[in-house]
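Just below is one structure, and these are the notes that go with it.
These numbers come from a predicted model, not from an experiment.
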Amino acid sequence: MAILKKLNAKLKTAKGTPSAPQGTVHALVCGIDYSCDFQSWAGPPPKGSGPLDTGYAFRGFQGILRACGVSSVKTLWNQQCTRAGLRAACAEVGRLCKPGDYFLFYYTGHGDQLPAEPEDDEEEEEEEQGCFCNPLSSKSGKSGHESEQQDQCFCLVDANGNTDDATMTYRQQVWMRDDEFADILISCIPDHVKMVVLMDCCHCATMCDFEEDNRWAKTRNQVISIAGSEDGQTSAGTGKGGAFSRALSRAIASLQEAGNSTYFVSELYNATLAEYQKHHHDDHVQNISIRCMHVEPDKMIWPLLPQGKYQSPADLAEFADNQQEAMKIMQRQQGMPQVMQQPQAVYAAPAAQVVLAPAGSPTQQVHVVQSSMPRAVMRQGASPYASQAVR
């Protein structure tokens, strides 16, 4: 927490305290736990190993919206999360958005990859002209950037609640590829609306397709996506919601506790990383990453600010990460002295990446920063903001 306060102090010195966010927040909250799927690996036994624990995160994020006074909320759960349903919901919420408003998208469920579909000649020609040239592109499918051979996908369901079949070919019809998701955001959300996309699923870092879809450069929207994992990684569940969602809710609570009435997305991102690191108890690796279009993280004001005292559900004893944390929470509530634990060793891991494509620039700028702890990162012509390796 001390490191977080120092880092945020540097940010405020450079940028000043932001004013309150302007405009109305319109939210679309999507969640799938696959308890509705009775034919594939994703559903409950005997055919599957599900369901997921995403219901905790789905309800928890709605709790954040209520605490922040957001009343324009559309939710999709399980069988409602079809490709057609998601497109229709985005269009419905998009029609409510006016210039200066926020469109907030949240998804918790399975994410995966499918072999990329072949591009047509026109798209290939545009790429050859240098639009969104990607110096970190690889065909490995590893974390860091979208593989040219893989599309990132939301594992959506059909009208009956099934996401796949025994042959694992039905997914081709049901899942939503990054290309389609980008098309929905671009076509459904009007100009001059700020977009925040939050994804707690596997293989989701480049789901918005900023670097591959040339139409993003022509939009007039400021867009930031925060993903719970890189493209080649899985995103951990805890039994009580995804690790990313829990860290996000804790970050909102910790920033409020530190006296921050308003703050930038960069500060929220850094606090999320700090909370993830603080409550990380196993060897699973996921890099929480941030990507941007037409704006930098230290220039967009975070739109979700609790109107009263907010407590993260992850900090309640019944939703604690493990029994040891539950005991600590109960001891704090009862005013009992806590047993000090020896801190775990921290080591450097692959860094979270920030991909920026500024307005008016036909080519993207990719910045890779490696660090084992949060720190301010100076970029030419920009103010510092937080970036941290995550393990």
Side-chain angles (χ1 to χ4, degrees), residues 1-21 25 56-57 59-70 104 106 196 198 200 226 238 240-281 288 290 297-298 300-322 324-341 343 346 373-376 385-386 388 390:
M1 184 60 70
I3 294 176
L4 174 61
K5 288 182 178 179
K6 289 181 181 178
L7 190 65
N8 285 344
K10 290 183 179 180
L11 286 166
K12 291 186 182 300
T13 299
K15 301 295 297 181
T17 300
S19 58
V25 178
Y56 292 96
R59 294 187 294 272
F61 193 77
Q62 291 177 73
I64 292 174
L65 295 175
R66 287 192 297 271
C68 297
V70 178
L104 184 63
Y106 173 84
V196 178
L198 305 170
D200 193 356
I226 305 178
T238 65
K240 302 254 178 27
F244 167 58
S245 294
R246 292 168 65 85
L248 179 71
S249 68
R250 281 169 163 151
I252 292 173
S254 68
L255 285 165
Q256 183 190 58
E257 185 178 356
N260 294 275
S261 57
T262 61
Y263 42 88
F264 295 104
V265 174
S266 56
E267 296 170 84
L268 181 280
Y269 173 64
N270 179 70
T272 301
L273 297 178
E275 291 295 334
Y276 173 84
Q277 191 83 356
K278 178 180 177 182
H279 297 278
H280 183 230
H281 303 294
I288 299 173
I290 186 167
D298 57 355
M300 180 186 286
I301 299 172
W302 175 252
L304 299 181
L305 302 169
Q307 296 179 343
K309 174 65 176 176
Y310 172 73
Q311 183 176 22
S312 168
D315 287 331
L316 299 175
E318 59 266 38
F319 300 127
D321 297 287
N322 51 43
Q324 184 181 41
E325 285 211 359
M327 289 295 295
K328 289 181 180 179
I329 293 171
M330 289 187 287
Q331 288 172 356
R332 284 198 299 269
Q333 293 173 342
Q334 297 169 5
M336 297 170 60
Q338 299 181 44
V339 178
M340 299 299 294
Q341 299 292 327
V346 178
M373 295 298 290
R375 65 187 178 92
Y385 67 91
Q388 173 191 346
V390 181

> Nearest heavy-atom pair of I288 and Y269: which atoms, and what distance?
Replying inline: O-OH, 2.9 Å
>> So which atom in W302 and which in P21 form the shortest heavy-atom distance, rounded to 0.1 Å?
In response: O-CG, 4.0 Å
> Taking R250 for the side chain and T272 for the main chain, is one N or O donor matched with an acceptor at less than 3.5 Å?
Replying inline: no
>> Within the 4.5 Å heavy-atom criterion, are L268 and L248 side-chain neighbours or not?
In response: yes
> Do Q277 side-chain atoms and A274 backbone N/O form a donor-acceptor pair below 3.5 Å?
Replying inline: no
>> Applying side chain to side chain donor-acceptor pair (under 3.5 Å) to Y106 and S245, what does each step give before you reach the verdict?
In response: CA-CA 10 Å; Y106 173 84; S245 294; 2.6 Å; yes
>> Please check this pair: side chain of N260 against backbone of L255, looking for a donor-acceptor N/O pair closer than 3.5 Å.
In response: yes
>> Testing the basics here: between Y263 and L305, what is the closest heavy-atom pair and its distance to 0.1 Å?
In response: CE2-CD2, 3.6 Å
> Within 45° of the six-membered ring axis of Y56 and under 6.0 Å from that ring's centre, is NZ or CZ of R59 located there?
Replying inline: yes
> Does the side chain of N270 come within less than 4.5 Å of F264's, by heavy atoms?
Replying inline: no
>> Is it the case that the side chain of Q256 and the backbone of Y310 share a donor-acceptor pair, with hydrogens and angles ignored and the cut-off at 3.5 Å?
In response: yes
> Donor-acceptor pair, R246 side chain versus K240 backbone, under 3.5 Å?
Replying inline: yes
> Any idea which heavy atoms bring G242 and A57 closest together, and the distance?
Replying inline: N-CB, 4.3 Å
> Any sub-3.5 Å donor-acceptor pair from S254's side-chain atoms to A251's backbone N or O?
Replying inline: yes
>> With a 3.5 Å distance limit and no angle check, can you tell me whether T262 reaches the backbone of P18 through a side-chain donor-acceptor pair?
In response: yes
